[in-house]
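Okay, structure first, notes after.
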Amino acid sequence: LTSLVIIGIVSVCISSCKKDEDRKAVCEDGSNPTYDSEMRVFVQANCSSSGCHSYGSTEGNYSTYSGMVEDFNNGKISNRVLDRQDMPKNSTLSQSELNKFKCWADNDYREN
């Protein structure tokens, strides 16, 4: 009987420790931002406007999600927006915007 109890406890522990790839981190405000749901508007307003990261830019084309993927993967976006906080250029993001962006980054920059 003791062996069965131990096996049951170990089974529960192992199953509860499995990583759930589909689980999303929840932001402080209760949201789960994705590019399509919230971040597209943010990116368009702060990054791809005024020729900064628009179509044809040598600094990267952030006018589409696919144009941003390389810079997600190499850490450039996270470094500039969250670590150095020197992007977007000529703008200071609010703490709320930084939190939302960090949550999106923590969720692997989900598209939808």
*asked:* For C52, is there any backbone N or O sitting under 3.5 Å from a side-chain donor or acceptor partner on S57?
replied: yes
_I'd like to know if the side chain of N79 and the backbone of G75 have a donor-acceptor N/O pair within less than 3.5 Å._
no
*Atom NZ of K102 and atom CG of D83: how far apart are they, to the nearest 0.5 Å?*
9.5 Å
*Can you tell me how far OG1 of T34 sits from CZ of R110, rounded to the nearest 0.5 angstrom?*
9.5 Å
*asked:* Can you pull out every salt bridge (Lys or Arg N to Asp or Glu O under 4.0 Å) where at least one residue sits in residues 38-48? Sequence neighbours excluded, please.
replied: D36-R40, E38-K100
_Main chain of S31, side chain of D29: is a donor-acceptor contact present, judged purely on distance under 3.5 Å?_
yes
*Side chains of R80 and K89 in contact at under 4.5 Å (non-hydrogen atoms)*: no
*Please report the closest heavy-atom contact between E28 and N99, naming both atoms and the distance.*
OE1-ND2, 3.4 Å
*Does CD in E111 sit with more than 12 non-hydrogen atoms of other residues, nucleotides or ligands closer than 6.0 Å?*
yes
*Given side chain to side chain donor-acceptor pair (under 3.5 Å), test T64 with S66 step by step and report yes or no.*
CA-CA 5 Å; T64 65; S66 61; 3.3 Å; yes
*asked:* It should be assessed whether the SG atoms of C103 and C27 lie less than 2.5 angstrom apart.
replied: yes
*Is H53 reaching over with its side chain to a backbone N or O of S63, donor-acceptor style, under 3.5 angstrom?*
no
*asked:* Ignoring hydrogens, what is the shortest heavy-atom contact between P88 and N46? Give both atom names and the distance.
replied: CB-O, 3.1 Å
*So how far is it from D71 CG to C47 SG, rounded to the nearest 0.5 Å?*
10.5 Å
*asked:* I'd like to know if the side chain of Q44 reaches the main chain of V41, judged simply by a donor and an acceptor atom lying under 3.5 Å from each other, with no hydrogens or angles considered.
replied: no
*asked:* Using a 4.5 Å cut-off between side-chain heavy atoms of Ile, Leu, Val, Met, Phe, Trp and Tyr, which other residues end up in the same hydrophobic cluster as V81?
replied: Y35, M39, F42, V43, Y62, Y65, M68, V69, F72, I77, L82, M87, L93, L98, F101, W104, Y109
